[in-house]
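Input: a single structure, listed below in structure tokens.
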2 protein chains.
Amino acid sequence: MATTTAAQDRATSKMAYDAFLAACPSHQLLDRVSGKWVTLILAGLGSGPDCAGEPRAMRYSELARLVAGVSQKMLTQTLRSLERDGLVSRTVTPTVPVTVTYELTELGLSLHRTMRALKQWAETHMDDVFASRAAHDTSA
Amino acid sequence: MATTTAAQDRATSKMAYDAFLAACPSHQLLDRVSGKWVTLILAGLGSGPDCAGEPRAMRYSELARLVAGVSQKMLTQTLRSLERDGLVSRTVTPTVPVTVTYELTELGLSLHRTMRALKQWAETHMDDVFASRAAHDTSA
DNA sequence: CAGTATCCAGCTAGATACTG
DNA sequence: CAGTATCTAGCTGGATACTG
């Protein structure tokens, strides 16, 4: 008879798969990007306050106003993690009171450009998704 | 004096922003795609069992094996929502026992192609992110 | 101005058991 | 084979209060 049970086999392949996921760059990027606020802050820094302009540095309070729904906690937390990942640079100017500005790095800028492809898909095809969703719901 | 308090102003702009988010196609796409399993299932159906082949239909159990870490609950739930959104089609063949296959629709295929741009970025730049992360952590 | 700290509600997803 | 149902732990993120 077998020396491993079906349950053990499943556990083993799950562990292997978890390891695979932990190493998969695409999956890690998705984890990185799929926070509630990352893309909004990225878009803010990448497209300016009007969401259609040029990338530029913005102050903490300016970002807080632009991304109006964000809590202080999440804004700080998200900016810190983006800075840690080299996507955003933080500059402190020792005025009184202090001035802090955030700006996309080259890396952050290149990610922002890539995200625009997603944005493009969303703007072209999300209507189809909604239509399908509506059709599916009414026929149910 | 003002007829609204600062707290009221904040609540108002938050509500407006929430409404804006609810209508933003990009944000909705992100919500859609950022589940833990959506991209994995999309990639499975889009790139075959070896993750490098051609799109093809796959059976429920085949997907369950490919995406080894997924629970039955999440696999079913994710497939159902993808089907609802018109990204995946579900075909039941009344053999005994029943055979069910899932396949990307045209829409799902186009999304899958777009996701590959993200994958591309991840494979080219995630090393930079990790390097930055490591540098940031050691200097702390 | 630009944060930090704490507490807590809600949702996501995993484990487990059962079925046409 | 291809699901459904239930119960629950853990994590994300919001509210609130305080600070250099």
The residue, A:Arg59 or B:Gly69, whose nearest nucleotide of DNA chain C is more 5′ is A:Arg59
Bounded by its outermost nucleotides with an atom under 4.0 Å from a heavy atom of chain B, the footprint on DNA chain D reads D:dC1 to D:dA15
Item to complete: State whether A:Asp137 and A:Arg133 are salt-bridged, where the test is any N-O pair (Lys NZ or Arg NE/NH1/NH2 against Asp/Glu carboxylate O) under 4.0 Å.
Response: no
Are A:Leu66 and B:Met15 connected in a single hydrophobic cluster, I mean Ile/Leu/Val/Met/Phe/Trp/Tyr linked by side-chain heavy atoms less than 4.5 Å apart? no
side-chain contact (heavy atoms from CB on, under 4.5 Å) between B:Gln28 and B:Leu21: does it pass, once the steps are laid out?
CA-CA 8 Å; B:Gln28 305 207 303; B:Leu21 283 189; over 6 Å; no
Exercise. Can you find a side-chain donor-acceptor pair between A:Thr114 and B:His125 that sits under 3.5 Å?
Worked result: no
Here the distance between atom C1' of C:dA15 and atom NZ of A:Lys14, to the nearest Å, is 11 Å
query: If you group Ile, Leu, Val, Met, Phe, Trp and Tyr by side-chain heavy-atom gaps below 4.5 Å, do B:Ile41 and A:Phe20 land in one group?
result: yes
Whole-Å distance, B:Arg80 CZ to C:dA13 P, equals 17 Å
- Message: Side chains of A:Arg90 and A:Thr101 only: does a donor on one sit below 3.5 Å from an acceptor on the other?
- Response: no
Rounding to the nearest 10°, end axes of the helix from C:dC1-D:dG20 to C:dG20-D:dC1 built from five pairs each make an angle of 50°
A correct 5'-to-3' footprint of nucleotides 6-12 of chain C, with B, S and - meaning base, sugar-phosphate only and no protein heavy atom under 4.0 Å, is BB-----
dist B:Met126:CE -> A:Leu107:CG (nearest 0.5 Å) comes out at 9.5 Å
For B:Val33 and B:Thr39, the nearest pair of non-hydrogen atoms, with its separation, is O-CG2, 3.6 Å
dist A:Leu111:CG -> A:Leu104:CG (nearest 0.5 Å) comes out at 8.5 Å
Kindly assign one of parallel, tilted or perpendicular to the pair B:Tyr60 and B:Tyr102, based on the angle between their ring planes and the thresholds 30° and 60°.
tilted
